[in-house]
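Read through the structure below, which is laid out as structure tokens, and then see the notes.
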Amino acid sequence: MNELKKITNLVEEELIKFEINNEIDARYSNFNEDTDIQINDLIKIKKDKNFNEIVNSIKEKFRNSNFIESFEIVDSGFINIKLSSTFLEESLQNHKKNILKKNVVEKGTVIFDYGGANIGKSLHVGHIRTLNIGRSLANIYKMAGYKTITDIHFGDWGMPLALIIAYIEDKNIDIETLSSDDLEEIYPNASSLSKENEEFYSKALNISKEMNLKNEYRISQWQKIYDVSTKNIKSLLSDLDFNFDYYLGESDVISLLPDFINNLKKKTLVKIDDGALIANDNQDPPALITKSDGSYMYLTTDIGTILYREKNFSPDYYIYVVDQRQKNHFKQLFKLVDYFKLSKSKFEHVPFGTVNDEKGKPMKTRDGKNYKLIELYNDLINKLSENNLDSAIVSTLAKSVLAYSDLVTKRTSNYIFDIDKFTNVSGKSAIFIQYSQVRAKKLIAQSHVESRLSVIGNDERKLVIEILKFNHFFKMALETNEPHHLAEYAYSLCHEFNKFYTNNKIFSEDINEDLKLHRLCIVEIFYQTITKVFNCLGIEPVSEM
RNA sequence: GCUCUCGUAGCUCAAAUGGAUAGAGCAACAGACUUCUAAUCUGUAGGUUGUAGGUUCGAGUCCUACCGAGAGCGCCA
């Protein structure tokens, strides 16, 4: 339960006496020095004939509450409350229990589709959004009590693969000795060739069709490309701590499609239009199920994926962490889920903005190619290596920068990627929160006696209140699918801790034993909380720095 | 042309689903290390929240119009 509910209950109980059933909301506030929380809802009943009586009744209640140290009810109707030490202590103890609780599955199953990796294409800076947001949300949902399943959903079928095969044949490239670096060069070349050379394009179209018909030779070519590319992508993702429960792809679901499509035809849920098969549900633009040559498209494989997931996972909730430019695609897909009766589960597209360069265009390097994820990672390693640290710690720090610098920005904004800001080691950064966490860890390690909480004084209360805000931001991140709320919170929590650290010594001669153990207890709870936040964000705390 | 998203400090971004005085970081300037890690902390300066209206006790947030930016609109994914 939200600890502030104790306060709002007091107000609600009084209102009920006057037959008012409004739900009261309390929020943390920095209105002034004497205000920890504010309640705004009284304004709504200001016209009530008993208003003055209600106010007096609430005042009386507050005076008798040991949760409230002081309060005021101003004329405009705001209630400003300073919380008592008793309240803070109790809440902090509850918070600690809550945070140390193991994840228990008590809600439904949610499947996360994120990562956006495509066979034959290198992971580039644009991929960090789906990877970070997806991983973070999966962690958050897990903590919230859901069973989570993560699936990268490889783009490993259709025209891109056909283009690669066509190009390999066209240029007589030896498929047996193909490397992933070769593939990364081949795809852009094949793609541009298909745009200028019609003959090449129709060749690829034909290969795509042959793949769908399970032509043995094509499948064997496909398999070789698939093996080389997925091995490379998986290993990079694993190095960067992006691990999935499943590495399934479009290719895993196509076998489910022929029967399904035949069934749709029988039920006349689809019809031929301009030679192509479209859904018969009058969507505008129409939902294209197969091309006029019968081969599958984006929607087709996504439908197949739902069939697969229903059969193998039966999730209650589907979350797709995919670029917001594909909004219409998901709108169509979700309409088809109902129209074709694919599933009764909840479907949600969690869109995000593009990562742009300083001119506002999607991120590229100077020569016009994509800035690869591995390059960014190496650049970070180089930058952080300047301080003589163990290489394992440097790589963990680099990975935390990769996550944090991306996750501080609201999901939907198209943000401008700036390497200097991204790798910033002071201010609001991964390095800052890692440093704070290390400081706390070091303090805890120095103590050999069990800490214990006592009266929360003025020196500790700001930090304590900041710690208590965890619930709010966690819930906010969960409800809006926005990890940045927790990333912002990580900064303000650490900032509050660093202030505390600077101004209040613990292992100092003038600090008595009680106060020492009391402060250590708060530091411990800070540490447990920030560790939890790290976990939510997909960041691993370093041991030292 | 239609649809969607966005416009906040010099720059990059927040802002509790409508609350009081719009906050951070960077950059600038000024301070704090004989004291648990200064990758830290403190202070100064910086704003008519694109413009004009509207809704109400109250608007960065909701509505309308306009200006500006970006994205998407049938056989790519």
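This structure is a prediction, so every number in the text was calculated from the model and none was measured. The analysis underlying the following values was restricted to heavy atoms, covering all of them including side chains, and did not include hydrogens, waters or symmetry mates. Just so it is clear: chains get the letters A, B, ... in the order the sequence lines come, proteins before strands, and each one is counted from 1.
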message: Nearest to the side chain of A:N414, heavy atoms from C-beta on, is which of B:C75, B:G70, B:U21?
response: B:G70
message: Which nucleotide wins on minimum distance to the side chain of A:T409, given the candidates B:A14, B:U21, B:C73?
response: B:A14
message: Can you tell me which nucleotide in B:C76, B:U35, B:U37 comes closest to the side chain of A:M297?
response: B:C76
- line: Between CZ of A:F470 and P of B:A16 the distance, given in whole Å, is 19 Å
field: A:E23, CD atom: more than 12 neighbouring heavy atoms under 6.0 Å
entry: no
- request: Kindly say whether, by distance alone, the side chain of A:S413 makes a donor-acceptor pair under 3.5 Å with the base of B:C6?
  value: no
Distance below 4.0 Å between A:H485 side-chain N/O and B:A16 OP1 or OP2: no
- prompt: B:C76 P sits how many Å from A:N212 CG, rounded?
  reply: 12 Å
query: B:C6 phosphate, OP1 or OP2: any side-chain N/O from A:R411 under 4.0 angstrom?
result: no
query: Which nucleotide, B:U42, B:A77, B:C36, lies nearest any side-chain atom of A:F507?
result: B:C36
task: Consider the side chain of A:H484, meaning its heavy atoms from C-beta on, and name the nucleotide among B:C4, B:A15, B:A16 that approaches it most closely.
output: B:A15
message: Taking the basic N atoms (NZ, or NE/NH1/NH2) and the acidic carboxylate oxygens, is any pair closer than 4.0 Å for A:R325 and A:D323?
response: yes
field: Residue whose closest nucleotide on RNA chain B lies nearer the 5' end, A:F417 versus A:L277
entry: A:F417
message: Check this for me: A:K209, atom NZ, are more than 12 non-hydrogen atoms of other residues, nucleotides or ligands nearer than 6.0 Å?
response: no
- prompt: Any idea which of B:C36, B:U12, B:U37 is nearest the A:K421 side chain?
  reply: B:U12
- request: State whether A:K82 and A:E33 are salt-bridged, where the test is any N-O pair (Lys NZ or Arg NE/NH1/NH2 against Asp/Glu carboxylate O) under 4.0 Å.
  value: no
- request: Just compare B:A15, B:A77, B:G25 and give me whichever is closest to any side-chain atom of A:Y298.
  value: B:A77
- request: Could you tell me whether the side chain of A:D274 and the main chain of A:A276 form a donor-acceptor pair under 3.5 Å?
  value: no
Touch class at under 4.0 angstrom, heavy-atom based, for A:D274 against every strand present: base
Euclidean distance, atom CZ of residue A:F473 to atom C1' of B:A24 [Å, nearest integer]: 13 Å
- prompt: So, are A:K410 and A:E482 salt-bridged, with charged N and O less than 4.0 Å apart?
  reply: no
query: With sugar-phosphate meaning primed atoms plus P, OP1 and OP2, does A:K499 contact a base, only sugar-phosphate, or nothing at under 4.0 Å between heavy atoms?
result: sugar-phosphate
- request: Could you tell me whether B:C33 is syn or anti, where syn means a glycosidic angle within 90 degrees of zero?
  value: syn
Residues in contact with RNA chain B, drawn from residues 32-46 of chain A - heavy-atom cutoff 4.0 Å: A:Q38, A:N40, A:I43
query: With both distances kept under 3.5 Å, what pairs with B:C62, Watson-Crick or G-U wobble?
result: B:G54
- request: Compare the ring of A:F31 with the six-membered ring in the base of B:A20 and state whether they stack (centres under 5.5 Å, planes under 30°).
  value: yes
message: Can you tell me which residue among A:I530, A:I525, A:T531 is in a side chain to side chain contact (heavy atoms under 4.5 Å, CB included) with A:Q528?
response: A:I525
query: Any salt bridge between A:D510 and A:K505, counting N to O under 4.0 Å?
result: no
- prompt: Taking only side-chain nitrogens and oxygens of A:R27, does any of them come within less than 4.0 Å of OP1 or OP2 of B:G19?
  reply: yes
message: If you compare every side-chain N and O of A:Y415 against the phosphate oxygens of B:U12 (OP1, OP2), does one of them come in below 4.0 Å?
response: no
query: Hey, is the side chain of A:K47 poking within less than 4.0 Å of OP1 or OP2 on B:C57, counting only N and O atoms?
result: yes
Carboxylate-amine/guanidinium proximity below 4.0 Å for A:R27 and A:D25: yes
message: In whole Å, measure the gap between the C1' atoms of B:U61 and B:U5 for me.
response: 16 Å
message: Using a 4.0 Å heavy-atom cut-off, does A:P286 contact any base of the nucleic acid, only the sugar-phosphate backbone, or nothing at all?
response: base
- prompt: From B:U37, B:C41, B:A16, pick the nucleotide closest to the side chain of A:Y435?
  reply: B:U37
message: Classify A:K327 by what it touches in the nucleic acid, base, sugar-phosphate, or nothing, heavy-atom distance under 4.0 Å.
response: sugar-phosphate
Side-chain N or O of A:S426 closer than 4.0 Å to phosphate OP1/OP2 of B:C26: yes
task: Report yes if at least one side-chain N or O of A:H329 is closer than 4.0 Å to OP1 or OP2 of B:C4; otherwise report no.
output: no
query: Does B:U17 fall in syn (glycosidic angle within 90° of 0) or anti?
result: syn
query: For atom P, what is the distance between B:U12 and B:G74, given to the nearest Å?
result: 33 Å
message: Taking the C1' atom in each of B:G68 and B:G31, what is the distance between them to the nearest angstrom?
response: 43 Å
message: Strictly below 4.0 Å: does A:Q326 bring a side-chain N or O up to OP1 or OP2 of B:C76?
response: no
task: Tell me what A:N356 touches on the nucleic acid: a base, only sugar-phosphate, or nothing, going by heavy atoms under 4.0 Å.
output: nothing
Gap in Å between the two P atoms, one belonging to B:U42 and one to B:G60, rounded: 28 Å
- request: Check whether the side chain of A:D273 and the base of B:G74 form a donor-acceptor pair under 3.5 Å.
  value: yes
query: Counting only distance, no hydrogens or angles, is the base of B:A77 paired donor-acceptor with the side chain of A:N118 under 3.5 Å?
result: no
- prompt: Relative to the 5' end of RNA chain B, which residue comes earlier, A:G427 or A:V438, by the nucleotide with the nearest heavy atom?
  reply: A:G427
task: Side chain of A:L288 only, please: which of B:U12, B:G74, B:A14 is the nearest?
output: B:G74
message: Under 4.0 Å, heavy atoms only, any strand: does A:Y187 hit a base, just the sugar-phosphate, or nothing?
response: nothing
field: Candidate nucleotides B:C76, B:U37, B:A16, ranked by approach to the side chain of A:L205 - the nearest
entry: B:C76
